[in-house]
Amino acid sequence: GRVRSVTLDDGATLEARFFIDATADVHLARHLGCPTHLGQEPRSLYQEPSAPREPNDRLNGTTLIYRVSRRGKDASRIDPLPEGISAGCWWAEAFPHAACTQYPNGDFNINALPVMAGRETATLGYAQAYAECQRRIFAHWHHLQTVFPEYQAYHVTWVAPGLGVREGPRIQGRYVLTEHDLIAGVQAQRHDDMIAIADHARDTHGADTGRAGTGELLQPYGVPFRCLLPLRIDNLAVACRGASFSSVAASSCRLSRTMMQLGQAAGTAAALAVQQGRHRYEDVPAVSLRASLMTQRVELTWPRDPELEAYLRNEDE
């Protein structure tokens with residue numbers, strides 16, 4: 001029930017009293033035999049209103065972000081497509097969306113939503129998926145320049161070095177964060193070990209269940225520390241998108257800002273465990289873990305806003 005050492009691909013061996021798996025696809029936890037789940041669970045498992053009636057293998061979509069900059073004074077044209085790439089977003093008929101955010105210097109961050117279905121990414125493997133996504137973003141940019149002439153004054157100056165993979169395997173932890181936590185919010189949740197709060201919408205990017213009610217939340221919700229603790233290994237914490245979330249909850253909880261909070265909580269818990277002479281993560285008192293996080297200025301409470309809640313409730317109805 002404990003990890004004593006980890007041997008890396010290069011032959012190096014790491015020994016520690018506590019370990020944190022922040023590998024996104026929970027490579028260490030899976031190697032240790034921790035139970036995991038991949039895909040959407042059936043509604044009957046957690047009684048989540050947004051879950052599909054039957055389980056399936058759909059995964060949240062993958063994105064490759066790129067940046068465009070203005071060419072120069074009065075320069076304007078549609079960029080030619082690289083060899084072997086056909087015109088038009090042939091791959092995005094079902095998901096023709098993009099978020100275009102402007103930087104202070106006038107450049108735009110282009111986030112096509114998504115560039116690739118999540119299951120396709122898992123099937124292709126990371127390297128091949130990245131290469132295919134590169135082809136698709138150039139087709140996407142050609143499409144944007146064609147449909148929106150104002151973009152003809154810009155050109156691609158940067159492509160992200162990594163894919164934005166939104167979903168992968170998730171461990172079965174000592175607590176599973178579900179849609180019920182998201183709906184309840186911080187005010188109604190009954191957990192004494194909440195170590196992070198999040199507020200992003202239920203947001204599936206191509207793995208939608210089709211339920212109209214998925215979307216914005218009335219207020220932020222908390223993530224219990226137990227979501228980071230796998231069932232079988234006492235000195236391992238999982239601080240990444242592979243923590244113990246249902247598929248619906250993961251569609252909200254997956255953002256980088258929340259993952260950073262999970263990492264801070266896991267690192268703090270490991271330090272406290274060593275300082276207090278503990279042998280298991282779960283032996284660290286929740287009150288001391290939360291107190292330590294709050295001294296680090298981690299926000300773990302949220303004031304109610306009745307007017308906003310009433311507005312969002314009316315929008316949902």
Would you check if there is a donor-acceptor pair between the side chains of [Y] and [X] at a distance under 3.5 Å?
X: E179; Y: S246; value: no
X: Y151; Y: D79; value: no
X: S247; Y: E41; value: no
X: N109; Y: T101; value: no

Short side-chain to backbone donor-acceptor contact, [X] and [Y], under 3.5 Å:
X: R166; Y: L59; result: no
X: Q219; Y: Q187; result: yes
X: H180; Y: Y46; result: yes
X: R297; Y: T295; result: no
X: R136; Y: V115; result: yes
X: T7; Y: G11; result: no
X: T63; Y: A112; result: yes
X: T258; Y: R254; result: no
X: S251; Y: D203; result: yes

* Asked: Is there a salt bridge (Lys or Arg N to Asp or Glu O under 4.0 Å) between R257 and D199 once you walk through the steps?
  -> CA-CA 10 Å; R257 65 191 188 207; D199 65 352; 2.5 Å; yes
* Applying side-chain hydrogen bond (donor to acceptor under 3.5 Å, both in side chains), run through T301 and E299 and close with a yes or a no. => CA-CA 6 Å; T301 61; E299 181 58 73; 2.7 Å; yes
* Could you check if a side-chain atom of R30 sits within less than 4.5 angstrom of a side-chain atom of P169, using non-hydrogen atoms only? => yes
* To do: Find out whether Q40 and V248 are in side-chain contact, i.e. whether some heavy atom of one side chain is under 4.5 Å from a heavy atom of the other.
  => no
* In this structure, are over 12 heavy atoms from other groups packed under 6.0 Å from H279 atom NE2? -> no
* For this output row, return yes or no: ring centroids of F108 and Y103 closer than 6.0 angstrom. => no
* So, do H191 and Y175 have ring centers that fall under 6.0 Å from each other? -> yes
* To do: Test the R71-Y154 pair against the cation-pi criterion, namely NZ or CZ under 6.0 angstrom from the six-membered ring centroid and within 45° of the ring axis.
  => no
* To do: Step by step, work out the side-chain hydrogen bond (donor to acceptor under 3.5 Å, both in side chains) result for T268 and Q296.
  => CA-CA 10 Å; T268 300; Q296 300 170 51; 3.2 Å; yes
* NZ/NE/NH1/NH2 to OD/OE distance under 4.0 Å, E15 and R4 -> no
* Charged N to carboxylate O below 4.0 Å: is that the case for D107 and R67? -> yes
* To do: Would you mind telling me which of R174, R290, R226 makes a salt bridge (Lys or Arg N to Asp or Glu O under 4.0 Å) with D193?
  => R226
